[in-house]
Amino acid sequence: MCIVSTVQFSSFLVKTPRDYQLADLVFYMSQPRVANTSDPGTGKTLSACLYSYHRWTNDNLKSLWLQPKSLIRKNYDELLDCTPFQASDICMYQGTPKEREALRQSDAKVFLTTSQTFANEWTFLPSFGLLIIDEYHMMFKSDKSARTQEFYKFMKGCPYLVAMSGTMIDGRLDTVYPWIQVVEPRYYGTYNGFLGQHELTDEYGKRIGWTNHQKISAIFARHAIRRTFEQTYGPEAKVIVTELCEMSQKQRLAYDKFEKEAFLELEDKFLDGGLPGVHAIRCRQIMGHPENVLGEAITTERTGKDERLLIHLEDHKRNKKPLVIFTSLVPEQLRIVKLCQDEGFRVGLINGSVSGTSRA
């Protein structure tokens with residue numbers, strides 16, 4: 001058990017953390033490279049925000065945050081909400097190549113970007129002393145991938161790391177190896193050393209399973225912290241969390257134009273929103289199923305809501321808990337059904353077009 005006083009952190013506490021979030025912050029300070037494997041929705045981000053501010057104010061170290069594109073705005077807002085950082089202190093490193101080139105000159109203390117942009121361009125960015133990875137399991141799964149190799153190179157010059165994910169082991173046991181390697185390379189030395197201790201093979205050298213899980217558990221016990229949803233909120237607690245999602249670029253341009261002018265010219269038709277009711281419905285349709293309203297050209301861009309949903313689907317794929325998704329627009333329902341099926345889920349759709357027998 002860790003009992004911590006908030007007095008020593010009072011100089012930069014903007015949003016009062018819960019006791020366990022403060023304990024998480026102290027855990028991050030206790031060793032240079034760690035993981036937070038708590039369940040989704042347990043408030044991992046707040047302590048990470050405070051940790052970024054701590055490293056800047058105490059060690060003059062800038063932070064780099066990696067996350068899926070759909071989380072960049074959410075983490076940007078949380079950094080502003082939870083720390084004394086100002087908007088000029090936080091850089092969302094995204095956009096066109098020309099826009100990103102201009103952002104490299106930013107004097108921000110925190111940069112937020114995706115793992116792919118990081119892998120391609122981290123050498124052009126300032127030096128960072130802290131790397132925060134949100135949804136780690138979606139980024140560095142394979143030791144041999146080019147992205148993971150860039151992760152290894154980056155961490156040679158970056159002393160501090162916090163990897164956040166409720167599913168650090170994603171299917172194969174070796175998906176956790178890149179994190180272990182940067183936390184303490186002496187555990188295995190090389191990827192082949194990891195396989196030698198954990199991989200089971202048949203007489204032909206084909207992998208048939210994994211073994212020695214207790215060593216992985218011991219490493220997590222030493223270098224990671226975990227809190228379950230039930231431990232955090234109680235078994236019966238219901239917590240409503242609102243998550244903001246970015247529109248795709250084409251979707252946002254179309255929405256802004258239609259919202260302002262109540263008229264939109266497309267390749268083969270016109271959208272007219274002169275009447276208030278029609279205008280509101282069209283705006284909802286552009287947000288909910290732009291592929292049907294704006295045409296086929298928009299289908300290549302995944303919506304921000306779909307990107308965020310994929311993260312929740314990953315979580316439920318691991319924890320095996322049922323998931324209910326509500327949306328009022330039928331074309332969006334059909335798209336979500338296909339998205340879930342593509343991710344391997346069994347899906348049942350209930351709406352007005354489904355008979356009572358089929359609903360049952």
Side-chain angles (χ1 to χ4, degrees), residues 37-42 44-45 67-72 74 114-116 133-142 145 163-176 207 209-210 226 228-230 232-233 235-248 251 284-285 287-293 296 298-360:
T37 65
S38 300
D39 284 347
T42 50
K44 298 187 288 289
T45 309
Q67 58 273 293
K69 184 179 178 182
S70 61
L71 293 182
I72 290 179
K74 175 244 183 196
T114 64
S115 59
Q116 192 57 52
I133 306 177
D134 196 354
E135 302 295 344
Y136 168 89
H137 64 279
M138 300 180 71
M139 302 180 189
F140 305 108
K141 300 180 182 181
S142 172
S145 73
M164 299 187 292
S165 172
T167 51
M168 291 290 288
I169 298 174
D170 189 15
R172 310 184 320 270
L173 194 64
D174 62 337
T175 56
V176 76
R207 180 185 300 151
W210 301 96
R226 173 171 174 78
T228 67
F229 196 87
E230 288 74 16
T232 303
Y233 300 112
E236 298 298 326
K238 301 296 184 291
V239 178
I240 297 174
V241 180
T242 301
E243 297 175 334
L244 300 179
C245 302
E246 292 266 349
M247 294 189 195
S248 67
Q251 184 185 17
R284 290 184 63 195
Q285 289 175 334
M287 286 192 291
H289 51 91
E291 68 278 6
N292 292 86
V293 183
E296 294 295 325
I298 201 73
T299 58
T300 57
E301 290 188 287
R302 177 168 280 154
T303 68
K305 286 199 293 184
D306 282 359
E307 287 187 352
R308 193 71 187 96
L309 178 58
L310 281 170
I311 294 172
H312 289 293
L313 292 177
E314 283 282 341
D315 293 332
H316 283 267
K317 191 181 295 183
R318 306 297 168 233
N319 62 32
K320 308 296 183 184
K321 292 182 179 179
L323 176 65
V324 181
I325 303 170
F326 295 96
T327 181
S328 59
L329 303 174
V330 173
E332 186 177 21
Q333 293 171 3
L334 298 176
R335 190 184 71 246
I336 290 174
V337 165
K338 185 179 185 305
L339 181 67
C340 294
Q341 290 172 338
D342 290 344
E343 290 298 307
F345 286 86
R346 290 181 299 154
V347 186
L349 174 64
I350 297 178
N351 62 21
S353 63
V354 179
S355 69
T357 303
S358 297
R359 293 187 191 199

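As a basis for the values below, the full set of heavy atoms in this structure was taken, side chains included, without hydrogen atoms, waters or symmetry mates. Note that this is a predicted model, so its numbers are computed, not measured.
In terms of heavy-atom proximity, Pro40 sits nearest to Phe229 at O-CD1, 3.6 Å. For the residue pair Ala163 and Met168, the shortest heavy atom distance occurs at CB-CE, 4.2 Å. Between Gly166 and Arg226, the closest heavy-atom pair is O-NH1, 4.1 Å. Listed here is the closest heavy atom pair of Val176 and Ile169: CB-CG1, 3.9 Å. Between Thr114 and Pro68 the shortest heavy-atom distance is CG2-C, 4.4 Å.
Between Leu309 and Lys305, every side-chain heavy-atom pair lies at or beyond the 4.5 Å cut-off. Leu349 places a side-chain heavy atom less than 4.5 Å from the side chain of Leu334. Under the 4.5 Å side-chain criterion, counting only non-hydrogen atoms from C-beta, Leu323 is not in contact with Phe345. Ile72 places none of its side-chain heavy atoms less than 4.5 Å from the side chain of Glu246. With a 4.5 Å cut-off on side-chain heavy atoms, His137 and Arg318 do not count as touching. Annotation: side chain of Pro322 is not in contact with side chain of His316 (no heavy-atom distance under 4.5 Å). Side-chain contact between Asp39 and Thr232: absent, with no pair of heavy atoms (C-beta onward) separated by less than 4.5 Å.
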Next on the checklist: Go through it in stages, so that I can follow the logic: the residues are Glu307 and Lys69, the test is salt bridge (charged side-chain N to carboxylate O under 4.0 Å, His left out), and I'd like the CA-CA distance, side-chain angles, deciding distance and then a yes or no.
Outcome noted: CA-CA 8 Å; Glu307 287 187 352; Lys69 184 179 178 182; 5.4 Å; no

Item to check | Audit row: Ile311, Met138, side chain to side chain contact (heavy atoms under 4.5 Å, CB included) steps and yes/no | outcome: CA-CA 9 Å; Ile311 294 172; Met138 300 180 71; 3.8 Å; yes

Next on the checklist: Between Ser70 and Leu310, is the side chain to side chain contact (heavy atoms under 4.5 Å, CB included) condition met? List the steps.
Outcome noted: CA-CA 10 Å; Ser70 61; Leu310 281 170; over 6 Å; no

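Taken to the nearest 0.5 Å, the CE atom of Met287 stands 11.5 Å off from the SG atom of Cys245. The line from CD of Gln333 to OG of Ser328 is 7.5 Å long, rounded to the nearest 0.5 Å. One finds the CD atom of Glu243 at 4.0 Å from the CZ atom of Arg308 (value rounded to the nearest 0.5 Å). Atom-to-atom distance recorded for Leu313:CG and Glu343:CD is 6.0 Å, nearest 0.5 angstrom. Separating the CG atom in Asp170 from the OH atom in Tyr136 is a distance of 10.5 Å, to the nearest 0.5 Å.
A side-chain donor-acceptor contact under 3.5 Å links Thr303 to the backbone of Asp306. Lys44 places a side-chain N or O within 3.5 Å of a backbone atom of Ser38 that can act as its donor or acceptor partner. The backbone N or O of Gly288 lies less than 3.5 Å from a partner atom in the side chain of Arg335, making a donor-acceptor pair.
The side chain to side chain donor-acceptor pair (under 3.5 Å) check on Glu135 picks up nothing, with sequence neighbours excluded. Residues passing the side chain to side chain donor-acceptor pair (under 3.5 Å) test with Thr45 are Lys74, sequence neighbours excluded.
In the displayed structure, Arg284 atom CZ is contacted under 6.0 Å by at most 12 heavy atoms of other residues, nucleotides or ligands.
Applying the side-chain contact (heavy atoms from CB on, under 4.5 Å) test between Lys317 and each of Lys321, Glu314, Lys320 identifies Glu314 as the sole match.
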